[in-house]
Amino acid sequence: MDTEREGAAIEMTQQEADEKNTAENREDSIRREYGFAPDVKLKECRFCCVMIPKKAKVCPNCRMSLKRHWFRNLVAAVFAVAVIGGGGYYLSEHWGIMKLSSIHI
């Protein structure tokens, strides 16, 4: 019974070592394929799931921009709120629709 447990433990550590070696080999092959230096830190592209340099602004594999366009999204949200609010105001004042939803000052 003890030898079975020891054998299972050795087999488990062998599987862990194989997984670690596979991850290292994958990273090394990516470094060789794209010509990354060994000291460059890598991250995973959120679009194609390939390891790329951490400082990359465009993925070399799928050519997608990795920048977050927070300012553009903020401007779009403010514009959408203004259009919806302006439309409600226009409908209530000029067509008599949605009179109860607007505040009269």
Side-chain angles (χ1 to χ4, degrees):
M1 189 76 150
D2 290 333
T3 55
E4 289 177 13
R5 289 184 187 167
E6 290 174 6
I10 291 171
E11 187 175 313
M12 209 47 167
T13 56
Q14 183 63 33
Q15 286 176 347
E16 291 170 358
D18 289 342
E19 288 174 4
K20 185 178 177 185
N21 287 339
T22 326
E24 288 175 359
N25 288 341
R26 179 176 172 230
E27 192 171 307
D28 286 342
S29 68
I30 290 169
R31 286 182 190 279
R32 276 183 269 133
E33 182 179 348
Y34 290 105
F36 301 145
D39 60 337
V40 173
K41 293 184 180 181
L42 299 177
K43 68 177 179 179
E44 192 173 84
C45 172
R46 66 177 180 251
F47 299 106
C48 67
C49 300
V50 171
M51 299 301 286
I52 59 173
K54 197 167 191 165
K55 293 183 178 181
K57 295 185 186 332
V58 175
C59 176
N61 185 48
C62 64
R63 302 286 184 211
M64 293 294 291
S65 175
L66 301 173
K67 288 184 190 177
R68 302 270 185 185
H69 301 286
W70 64 270
F71 184 73
R72 181 188 64 189
N73 294 342
L74 177 68
V75 169
V78 168
F79 181 74
V81 168
V83 167
I84 291 169
Y89 177 76
Y90 180 79
L91 288 175
S92 68
E93 288 296 315
H94 298 288
W95 287 7
I97 301 172
M98 298 176 50
K99 277 212 181 265
L100 298 176
S101 66
S102 64
I103 299 172
H104 297 286
I105 298 176

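With sequence neighbours excluded, the residues satisfying side-chain contact (heavy atoms from CB on, under 4.5 Å) with A37 are D39, V40.
Annotation for W70: hydrophobic cluster partners, listed by chain and number, are F71, V75 (ILVMFWY side-chain heavy atoms under 4.5 Å, direct or chained).
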With a cut-off of 3.5 Å and sequence neighbours excluded, list every side-chain donor-acceptor pair involving residues 44-64.
| from | atom 1 | to | atom 2 | distance (Å) |
| --- | --- | --- | --- | --- |
| N61 | OD1 | Y34 | OH | 2.9 |

